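In what follows, a structure is listed as structure tokens, so that the remarks can point back to it.
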Amino acid sequence: MANQAESSSEILSYVREVSLREDDILRDLRELTGELPMGHAMQVMAEEGQFLAFLVGLIGARNVLEIGTFTGYSTLCMARAIPSDGRLVTCDITSKWPDIAAEYWTKADVADRIDVRIGDAGETLSGLLAEDGAGAFDFVFIDADKTNYRRYADGITRAAQALKPSASFRPLPPHGPRRGPER
């Protein structure tokens, strides 16, 4: 995903210079990932990782589900945003990529918050439902093989019912959002 947002290199450089809050651990992981085959194409952009952490913190998520770990950049960003007693379950089809990430999670002191599940994500979702029951996760991020997005989304909504209802996800009233006091 890295650098997949349409923008000029000047704009991207400006955004990274002015708003990106990427420490040495995140930068080192991003740079290492970029050196891997398909690394630049598959990794989460630094700005996206920062935005995911913002969303996780904004809703006060304690339990996060991530489908698709790769080298764990987004995992690290979100794990830092949950409380120290929170949990982030990340799913990948192989241990090859999360094994790279583990060193960086340890350096960032968040490894104890991360539960890596290796195997088919659809099956993992079913297992999580059996283990934790419905409503176990406050936030879900899907970034795995794109051809199975529908399957993963269906697994979350139909089989796992993983998202807790919250103000962030409640449907709008039939007449639309309220715009403030009537005048």
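Source: prediction; values computed, not measured.
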**Asked** Considering only heavy atoms from C-beta outward, does the side chain of Thr75 approach that of Leu88 to under 4.5 Å?
**Response** yes

On a heavy-atom basis, the closest approach of Trp105 and Thr90 is CH2-CG2, 4.3 Å

Linked, directly or transitively: Leu20 and Phe54 (ILVMFWY side chains, under 4.5 Å): no

- When you look at Thr94 and Ile118, which way does the side-chain contact (heavy atoms from CB on, under 4.5 Å) test go after all the steps? CA-CA 6 Å; Thr94 177; Ile118 303 300; 5.5 Å; no

Checklist line | Val64 vs Val56 side-chain heavy atoms within contact, under 4.5 Å | finding: yes

Under a 4.5 Å cut-off applied to non-hydrogen side-chain atoms, are Phe137 and Val89 in contact? yes

Practice task
Please lay out, stage by stage, how Met78 and Val110 fare under the test side-chain contact (heavy atoms from CB on, under 4.5 Å).
Solution key: CA-CA 10 Å; Met78 292 185 292; Val110 295; over 6 Å; no

Check against side-chain contact (heavy atoms from CB on, under 4.5 Å), Phe70 and Asp143: CA-CA 9 Å; Phe70 193 40; Asp143 189 27; over 6 Å; no

Heavy-atom closest pair (Leu76 atom, Ala108 atom, distance to 0.1 Å) is CD1-CB, 3.4 Å

Salt-bridged, Arg117 to Glu66, with N to O below 4.0 Å? no

_Close side-chain approach of Ser84 to Asp112, heavy-atom, < 4.5 Å_ = no

Correct closest heavy-atom pair for Ala79 and Arg113 would be O-NH1, 2.8 Å

Considering residues, nucleotides and ligands other than Lys107, do more than 12 of their heavy atoms fall under 6.0 Å from its NZ? yes

Under the 3.5 angstrom rule, does the side chain of Gln50 hit a backbone N or O of Arg21 as a donor-acceptor pair? yes

_Tell me whether Asp92 contacts the main-chain N or O of Gly68 through its side chain, where contact means a donor paired with an acceptor under 3.5 Å._
no

Q) Would a 4.5 Å heavy-atom cut-off, applied to side chains only, mark Asn63 and Arg87 as touching? A) yes

According to a hydrophobic-cluster definition based on side-chain heavy atoms being under 4.5 Å apart (Ile, Leu, Val, Met, Phe, Trp, Tyr only), do Met42 and Leu29 belong together? yes

For this session: Test Ser95 against Val116 for side-chain contact (heavy atoms from CB on, under 4.5 Å), laying out the working first.
Result: CA-CA 9 Å; Ser95 63; Val116 178; over 6 Å; no

_So for atom CG, which belongs to Asp109, do other residues, nucleotides or ligands contribute more than 12 heavy atoms lying within a distance under 6.0 Å?_
no

Co-membership, hydrophobic cluster, residues Val140 and Ile93, 4.5 Å side-chain
no

Q) Heavy-atom distance under 4.5 Å between the side chains of Leu32 and Thr71, does that happen here? A) no

In terms of heavy-atom contacts, Asp138 and Arg62 come closest through OD2-N, 2.8 Å

Leu65 and Cys91 have their tightest heavy-atom pair at CD1-SG, 4.0 Å

Does Ile100 reach the side chain of Thr33, with side-chain heavy atoms less than 4.5 Å apart? no

So do Tyr73 and Arg30 actually touch side chain to side chain, heavy atoms under 4.5 Å?
-> yes

Scanning both residues in full, the closest heavy-atom pair of Ser74 with Phe141 reads OG-CE2, 3.7 Å

